[in-house]
Amino acid sequence: MRQLDLGHSFIVTRHNEPVGELRPLRRHRMVDTHVALQAFRNAPGIDYGQFIQDIDAVVDQDIAPHV
């Protein structure tokens, strides 16, 4: 378990055949608000009307069940 805490992964075998993998869980990383704002400072603006049209063109939002 200590090795998992350090980021090491392991292959689990049965009779020398791999049957699984034991690996550390991905930890949630928080990004400071100021760092995020700086990263996206020069990102282009979003045309929300066009965005909705793009989504509607590929996503079926009909309430009828799919059989």
Side-chain angles (χ1 to χ4, degrees):
M1 294 298 141
R2 289 185 186 117
Q3 293 299 310
L4 286 170
D5 285 338
L6 295 173
H8 296 279
S9 297
F10 301 90
I11 300 296
V12 179
T13 61
R14 180 183 297 135
H15 305 294
N16 255 0
E17 289 292 320
V19 295
E21 181 179 5
L22 186 60
R23 57 188 168 90
L25 292 175
R26 294 179 71 190
R27 306 259 190 244
H28 294 288
R29 295 183 184 158
M30 302 303 276
V31 177
D32 183 82
T33 303
H34 300 292
V35 172
L37 290 174
Q38 187 69 18
F40 292 107
R41 178 182 54 157
N42 295 321
I46 297 173
D47 179 337
Y48 290 102
Q50 184 64 51
F51 178 74
I52 294 299
Q53 288 178 11
D54 291 344
I55 295 295
D56 286 341
V58 296
V59 176
D60 179 9
Q61 297 189 33
D62 186 8
I63 62 171
H66 299 283
V67 182

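Just so it is clear, the model here is predicted, and its values are computed rather than measured.
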Approximate separation, where rounding is to 0.5 Å, of [X] [atom1] and [Y] [atom2]:
X: Asp5; Y: Arg2; atom1: CG; atom2: CZ; value: 9.0 Å
X: Ile55; Y: Gln53; atom1: CD1; atom2: CD; value: 11.5 Å
X: Asp56; Y: Phe51; atom1: CG; atom2: CZ; value: 10.0 Å

**Asked** With clusters built from Ile, Leu, Val, Met, Phe, Trp and Tyr whose side-chain heavy atoms come within less than 4.5 Å, directly or transitively, what are the remaining members of the cluster of Leu25, listed by chain and number?
**Response** none
**Closest approach of Ser9 to Pro24 (non-hydrogen atoms, all atoms of both residues)** = OG-CD, 3.7 Å
Listed pairs under 3.5 Å, donor-acceptor, residues 14-23 side chains, sequence neighbours left out:
none

Run the side-chain donor-acceptor check on residues 33-40: report pairs under 3.5 Å with partners two or more places apart or on a different chain.
none

